[in-house]
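A, B, ... follow the sequence lines: proteins, then strands. Residue 1 opens every chain.
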Number of protein chains: 2
Amino acid sequence: MEIACFIEAADRHCQQQGVKLTALRRQVLELVLSYPGVVKAYQVLADLQKQRGIAAPPTVYRALDFLVAAGLLHKVDALNGYIVCHHVGCSHEGLILVCGDCGQVEELDATPVLDVLRQQAGGAGFAISQQNLMLTGRCKECRT
Amino acid sequence: MEIACFIEAADRHCQQQGVKLTALRRQVLELVLSYPGVVKAYQVLADLQKQRGIAAPPTVYRALDFLVAAGLLHKVDALNGYIVCHHVGCSHEGLILVCGDCGQVEELDATPVLDVLRQQAGGAGFAISQQNLMLTGRCKECRT
DNA sequence: TTCTCAAATGTTACGGTATAACAAAGTGAT
DNA sequence: ATCACTTTGTTATACCGTAACATTTGAGAA
Ligand SMILES: [Zn+2]
Ligand SMILES: [Zn+2]
Ligand SMILES: [Zn+2]
Ligand SMILES: [Zn+2]
């Protein structure tokens, strides 16, 4: 199974970083993984409630925050959602393409373009921090 | 006055586009202009209430949506806020730098870098739409 | 083992963000 | 004046996210 494999990698990744992928965090990660694209916190919360009967917002937000900090998820501000990072470990800044029609997500490497952006911003006295680039558009399928 | 000049240009810009900068929309634009950087909808709402006694969220959200659609404001998703576009008319895609410390904003031209991004995304079958690039970081002053 | 402390999770309550739905008022054309 | 259309007002509610404090858990020290 694809998911189990990812979880295993995530587990190793957390151990390397000296943080713990607890049962709850793993469960939330699995729930996010079960979606093909962007997922919202309250959707994860609903799923979690189906599985363990009761859960409150802080439970899922804390897990999501942890997973983002660990580099396993990315937050998609424009959609108030989260996506799985499929480039764990490859110390990267992501170029995240979100299809506005179907919600599917593709993640490319933004390192080269961010070098250019850092230079351009630096010329204006601005130091841009480590971050991902989010762009919206339409995926191959949705372009018909 | 700087603001009056901007409003005048905004008015012309709207006329050219065949949309109307009504009194309410102008008032909201002035309120956003009165801040140096990112402003939040509910802050504008509070200001509006001071000026006209009563106002509800839809009033300000509708005005803000209009101003964004007209190209007079940009929405900063990462901060749930809005900024004034100081490149009205120059048909542009902005590279918007937001200082995470002080909220100040600088807007550069993102056209060249978006050309590169379009090419990279196109290689993955993705057609990215017209949009601005938002990056967070620290401005000259806040870097101490 | 048992204690202790820090991290993680549970729980309650609340505040911030945004929109749906419908009513009323303005605008301009016939 | 009447009509169709756009804008604004109003109420209510849904969605997003966190503060604050209680409780549990688990790893290391005594
Ligand atoms: Zn990634
Ligand atoms: Zn799609
Ligand atoms: Zn702009
Ligand atoms: Zn600053």
Rounded interatomic separation in angstrom, taking CG from Leu67(B) and P from dT8(D) =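 Rounded to the whole Å, the gap is 10 Å.
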For atom CZ of Arg25(A) and atom P of dG10(C), their distance in whole Å =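 My rounded result for the distance is 11 Å.
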Within [range], which residues have any heavy atom lying less than 4.0 Å from an atom of DNA chain D?
range	answer
residues 7-20 of chain A	none
residues 55-62 of chain B	Ala56(B), Pro58(B), Thr59(B), Arg62(B)
residues 69-81 of chain A	Lys75(A), Asn80(A)
residues 28-42 of chain A	Lys40(A), Tyr42(A)

Classify the side-chain pair [X]/[Y] by whether it contains a donor and acceptor separated by less than 3.5 Å.
X	Y	value
Asn80(A)	Tyr42(A)	no
Gln51(A)	Gln27(A)	yes
Gln119(B)	Asp115(B)	no

ask   = In terms of side-chain geometry, is the basic nitrogen of Glu30(B) or Arg25(B) positioned less than 4.0 Å from the acidic oxygen of its partner?
value =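 Answer for the salt bridge query: no.
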Ion pair Glu106(A)/Lys140(A), N-O distance below 4.0 Å =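 No salt bridge links Glu106(A) with Lys140(A).
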request  = Mind checking side chain to side chain contact (heavy atoms under 4.5 Å, CB included) for Leu64(A) and listing every partner two or more places apart, or none if nothing turns up?
outcome  =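 Leu64(A): side chain to side chain contact (heavy atoms under 4.5 Å, CB included) contacts with Val28(A), Val32(A), Ala41(A), Val60(A), Leu73(A), Tyr82(A).
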query = Considering the options Val76(A), Val84(A), Val38(A), Leu97(A), which one meets the side-chain contact (heavy atoms from CB on, under 4.5 Å) requirement together with Val105(A)?
reply =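 Checked Val76(A), Val84(A), Val38(A), Leu97(A) against Val105(A); only one passes side-chain contact (heavy atoms from CB on, under 4.5 Å): Val38(A).
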Between side-chain atoms of residues 2-18 of chain B and protein atoms elsewhere (two or more places apart, or another chain), which donor-acceptor pairs fall under 3.5 Å?
| unit_1 | atom_1 | unit_2 | atom_2 | d |
| --- | --- | --- | --- | --- |
| Asp11(B) | OD2 | Arg26(B) | NH1 | 3.0 |
| His13(B) | NE2 | Ala70(B) | O | 2.9 |

message = Strictly distance-based, threshold 3.5 Å: is any side-chain N or O of Gln104(A) a donor or acceptor partner for the main-chain N or O of Pro36(A)?
response =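 Judged by distance alone, no pair lies under 3.5 Å.
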